[in-house]
Every structure is written in C-alpha cells, then in structure tokens.
Protein chains: 2
Amino acid sequence: MNIGEIARRANVSRSTVSYALSGKRPVSEATRRKIQQVVDELGYQPNASARALANGRTGTLGLVFPPAVGHHYTAMQLDFMGSLADAAAAHEHDVLLSTAGLDSVTSLRRLLAERRVDGVILMEVRLADERIEYLLEADFPFVTIGRTDAADRTSWVAVDHRALVTACVDHLADLGHRRIALVNRPERLLRVGYESAQRGLDGFRRAMAARGLTGRHYPCDDDAASGHACVERILADDPATTALVTLNEAALGGLYRGLAGAGRTVPRDFSVAGVALPHWAQMVTPQLTAADVPAAELGRLAVDLLVARLADPAGPSGHHLLTPPVSLRGSTGPAPLPLSS
Amino acid sequence: MNIGEIARRANVSRSTVSYALSGKRPVSEATRRKIQQVVDELGYQPNASARALANGRTGTLGLVFPPAVGHHYTAMQLDFMGSLADAAAAHEHDVLLSTAGLDSVTSLRRLLAERRVDGVILMEVRLADERIEYLLEADFPFVTIGRTDAADRTSWVAVDHRALVTACVDHLADLGHRRIALVNRPERLLRVGYESAQRGLDGFRRAMAARGLTGRHYPCDDDAASGHACVERILADDPATTALVTLNEAALGGLYRGLAGAGRTVPRDFSVAGVALPHWAQMVTPQLTAADVPAAELGRLAVDLLVARLADPAGPSGHHLLTPPVSLRGSTGPAPLPLSS
DNA sequence: TTGAAAGCGGTACCAC
DNA sequence: GTGGTACCGCTTTCAA
C-alpha cells in the first residue's frame, strides 16, 4: 500500500496524490474527492520513513533522559515523560525515548547523526552541561527541562527551585522555626552540578542567611532507608532542629519514620516541607506541605517551545520559569517551645 | 554527510562502504580499515530514515499506552515505561511513545500504516481487547503487558494478579482475619474489563470462597481522597472488617488516613496488604506488606519477547507470568479479638 | 490543473 | 574482493 497504488486506483499521477493530501498545490475538487475516497477505502497512510527521507523531517521529538541504572526514576521524571507524549500528539509529533548518560554526549551524537528526530528535549540537566554546548554547536533544535548556565542562549522550561525552597524556608521561619535542615538529592547529583539540586541548595542558603537562621545541608540517596538514616544524622548533628525542607521525594517515607523513631511527632514537634508532586505529597500522613511540581504542565510547555523552534529555527528562544505556590497540608506547624537545657 | 561522501573519501564504492559497516559481505582488511578511519573522522552514522526505507526495518519499538486524561499515570506504568527504553537500547532499538485510547484502534492503525515501528508493546490491556484482534489480523508483531483472553495466541508478560491477591488473602486469613475488603482500581476500568483489576477481583472471590470468608469488593478512584472515602464506606458497611487488600496504589495514603480517622491503628486493629511497587509500599507508615511488582523486569522481558518475535516472526509466542512473593512489612498483624457485641 | 522524473540516503542484487 | 545500479516510497521541481 503506497502512493503509487493510490495514484493508480484514482487514475492520477503520484504527484497529484501527494499534493491532494498535503494541500501544497491546488487540486480540482473532483480529483481531490476521488483520491480521498480511495485513501479512505484503503486506509492509506504515507510511509513515515520515505516521507522523512524526502523532506528531511521526521515528525518526531527526542526525549533524552538518564538511564535508571541501579535507581528508579523519580515520580517527577516519570509523570513528566507521560505528559510529553500527549503534548506532542497534539502537535502531530511522536516522541522517541533515548537513554543517555548524564555525562556523555555519545548517545546524543548518535541520535542527531542518524537523523531520527527533528529536535530534542533534555531532562536532568546540569548547570554546566556539555550536551548543551554540543547541541548549540550543531545548531540542533532543543529545549532543556531546567535552567542551565547557558539559559540566555537556549530555550528551557523549569521549576524555580531556588524560589520554591525559599518559600518553604520562609513558611517555616514564619512559624517560628530557627534550625532547619535541607534534605537534598543524592551527593552524586550535586557533585555533577545537577540543576534542581544546586539551585535548591542555593535558595536554602540565601533564604536562611536572609532570615539569620542556622541551617544544615544533607544530600540523601533516593530511597526510604536513606531518608531514615538522614533524619537520624540531622537529629544527632543538632537535636535542636525543628524542621526540614526536602527536595527528595523518594526519601519521604523514610524521613517520616526517622522522625517518628526519634519521638518527634509531625507537625507538633517537627515540621516538614518540600517540593514534590501533589500525588506523592498525599501519600504520607500527615500530608506534606509542599510546592506542587506541575509535571504535566512542564511537559506541555516544553513541547510547545520545541515545536515553535522547529517552525522557526531562527526565532527567539523561549523560557518558562514556573513557581507553583506552596500547598499547605498537614506537615507544618508552629515551632515547639525549646526544651530548657 | 552521507554514504556517498564516505565512499568518495575512502576511494571505494558506496556498496563497499555499506558492506564494510554491516559486515554482510567480506571486505579486505585494508579497505575496511580505510573506511573505518574516514567514518570515525567524520562521525558518520547512517541516516535512519533511509536505512528504514531501504530494508523495511525501523529499529524502533512502539509503546502504546492510554492518554493520561484527567488522571495521572500510576507509578507502576511509569516505572515500567522507563525500564523499556533501557531494555530496548540493549537490543539496539529505540522506543517510540504512542498514546492511544483504551477503546480505540485508530491511533494504533495509524502507527502501523505509517510503518514507524517494527513492533508494539501494548500496556493496559482489557481481557477482550479489540486492539489485539486488529494486530493479529494485521499479522503485526506485538507483546501485551497483561494476559488477555487471547493469551494462547499472543506473546505477553504479566503479573499474576489472581495469585497475588490470593496470596494476600491467605496471609491475612492465616493471621485470623475473617472479614476482608478488596480495594480495587476505578469502576470505569473494571467495566471495560481491565485485566489486572478483573483478575485481582477474581482471585479475591476465589480465595475468600476457598477459605469460607466474608468479603466485600470496592472499586476506588486513583487518588488519596477516594481512598479515604472508600475506607469509610468499608467500615460503615461492615464495622467488623479487620483487613483489606488493595490493588490501588494511588489511594494508599487515603486508605491509611481513613483508618486512622476511624480510630483503627495499623496493624494492631486493622491489617492492610496489597500489590504495589516496593518504592510506593515504603512511602507509607507502617510500610505496606505487599506483593512487589517488578516493573523493570516486566519491561525487560517484554522487550526480549518482542525482539525475539521480530527476529523470527513465525516462531512460537512466548509468555512470562510473574508471581512475586508477598514482602512482609509492617502493615499486617494478627486479627484483633472481636469486640463483644 | 496535472504528469514526469529527479532526488532523499541507504541496501542488496548482479557483474566482474 | 569490489563496483554499478535498481529500488524502497515519498516530495518537489520542471514542463506541459
């Protein structure tokens, strides 16, 4: 079933079929209808490879994300991935998944060289990300999820982790908390300059300084057991700590249990705030007061930006910096009165 | 940068370059090295569209899943999706995402007609799924996640929800529980014959009957609030209920809060068991005793089956029915002594 | 308003 | 062991 077959059955040339379907050249109403009839009858769809080869466009967007070696994907990443396909479909594009190491451009290079996609969306970026230099160099359309050091030269969509952590700290400070800990993503990610972790940390330091508060920073692996251990360290390092802010959603269950194990009741004795998906925030009891990451919206905006860029590669780069409000749930409350010591 | 350019620079014909790279015809060591050198120098990769057009293979697997209209993807679905890309990469394949309505073959038809993929993986199947008839009819390679009514004629990977729910019921019965509720996926999914929900329900009924126990069944929407409401209904319908089994991971937080709100302490007064991702089970406190769904393994096995099918379309269909053990965590305990009434 | 034909960049058959 | 070339299915220029 190809365009030649359609042409034959409609008694026209192949080019006429092509034009009738694309509308790039006027076709008489009569022939157009005849062609459409044959097409419907046979359920004809142009072969994507042939079309891509001929006009240089694949109609496919690449989604580049790190392989889940050893660890799971976070709910945030995954929810985002899901939303992307829907958004792309709305623009008549498909999404191709591509796993690529956080620190490597090789698989990215392959993706571009093979011309499988028209543009890419980069998840999990580092502040200084070599893949971005590579893409700029190659003049290949892309959008990053996260705001990198090259933000002024690129298109990106990001959650403002600095502002969100600041909002959490302010909320806790307003409640009277003076000693607050930050539970961050894993050490490994911080070391490589992982954007959300770095900006979150930055926001924490600034906000704490601005308030004249004492803060400690704890990288934490993405699992419940690490969260549990992390809380124990926090309370050992400074038993007077009365609140924490977490960027690590996977550790959340462990954080709660660690607190319970230390005899701290949330939110009476200890407050917890964070940045998380609403879905995730509602799993724990009491529900987590958190800045709700709008994963689906991030996906939609990223696709919109990329598609715009494909339509006009010379156009200006676009940005969306989202700052969702902190949803007050049950995990924060007034700071407890200090124990007399 | 194309194969002609490589041929020119290496002073050989295009076909020789092609054969040197594919190894489908012997090439003298000298020319092979010369070609490889030019290829490396220029970072040449064959154009995927051209290759697909010429040999009829795209090197791409399609992942068909329902659009997340209104509801989020479940952690299970998403974790699974993530694992697929890695598994496919191991077989040198890419994964193309495609959202397709649960009850429609139209987008599937387009996917096949455009020849974008060599085979598809179908998530979220119904026991009687029209897409399967369509794929069989079209003689198109596919693997389903979930065991349908056509299981004997298809390749599939599934978690044995019947056995898992049975294991949960047996575990609870052994602990002395006599009145057990099943919290299922949403009504809507049950109505359309959603596989895991249907088989889970079937397992529940059989296991309860086999033990001579009293059970009630509760469809529940995929969110915390619905879980909360669901527990209230369970306890209103039969206050003597002392345990529940849940197939609904998204409702879990709400289930716990509903129990707490009714004055039931888990696991002292009430036991909860379920089927969930380990990650998810560890979010709640006490951690959920659950059959751990091995999402990543499901993804890997599905890709293996599909790739095998592509290599030998006439070969036998393969199956993997997984029955992960129930991990005892903290949410189940001996049935409380009945209150005198 | 339509048709013929030259590509797009590979693969693989047929010769030598 | 290597080269020439038809062909995969579509788009688009050129000509009528």
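Residue numbering restarts at 1 for every chain, and letters A, B, ... go by the order of the sequence lines. Atom set for the values below is all heavy atoms of this structure, side chains included, hydrogens, waters and symmetry mates excluded.
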* Structure fact -> The nucleotide from C:dT2, C:dG9, C:dT11 with an atom nearest the side chain of B:S18 is C:dT11
* To do: Scan side-chain atoms only and decide if B:S13 and B:T16 contain a donor-acceptor pair under the 3.5 Å cut-off.
  => yes
* **Whole angstrom value for the distance that separates C1' of D:dC8 from CG of A:L53** => 9 Å
* May I have the distance from A:M1 (atom CE) to D:dC10 (atom P), rounded to whole angstrom? => 10 Å
* Pairing of B:E29 and B:K34 as salt bridge, 4.0 angstrom limit -> no
* Base, sugar-phosphate alone, or nothing: which one does A:T31 contact when heavy atoms must sit under 4.0 Å apart? -> sugar-phosphate
* Side-chain N,O (B:N47) to OP1/OP2 (C:dG9) below 4.0 Å -> no
* **Distance below 4.0 Å between A:Y19 side-chain N/O and D:dC10 OP1 or OP2** => no
* To do: Please confirm whether any donor atom in the side chain of A:T16 sits under 3.5 Å from an acceptor in the base of C:dG3, or the reverse.
  => no
* In whole Å, what is the span from the CZ atom of B:R51 to the C1' atom of D:dG9? -> 18 Å
* Are any of A:K24's side-chain N or O atoms less than 4.0 Å away from OP1 or OP2 of D:dT12? -> yes
* Start at the 5' end of DNA chain D and walk down; is the nucleotide closest to B:V27 or to A:I3 reached first? -> B:V27
* Asked: Expressed in angstrom and rounded to an integer, what is the separation of B:I6 atom CD1 from C:dG10 atom P?
  -> 9 Å
* Whole-Å distance between D:dC10 C1' and B:R115 CZ? -> 15 Å
* Once you round it to whole Å, what is the distance between P of C:dC8 and CZ of A:R57? -> 19 Å
* Given DNA chain C, 5'-ward residue of the pair B:A54 and A:N11, judged by closest heavy atom -> A:N11
* Looking only at side chains, do A:R147 and A:T154 share a donor and an acceptor under 3.5 Å apart? -> no
* First encountered from the 5' end of DNA chain D, between B:N55 and B:S15 -> B:S15
* Asked: Is any N or O donor-acceptor pair between the side chain of A:R25 and the base of C:dG3 shorter than 3.5 Å?
  -> yes
* Asked: Atom CD of A:E5 and atom P of D:dC10: how far apart are they, to the nearest Å?
  -> 11 Å
* **Test item: side-chain donor near acceptor, B:S15 and B:S18, under 3.5 Å** => no
* Asked: Do side-chain atoms of B:S155 reach the backbone of B:G318 as a donor and acceptor pair under 3.5 angstrom?
  -> yes
* Indicate, yes or no, whether a donor-acceptor pair under 3.5 Å links the base of C:dG10 to the side chain of B:R14. => yes
* Measure from CD1 on B:I35 to P on D:dT2 and round the result to the nearest Å. => 8 Å
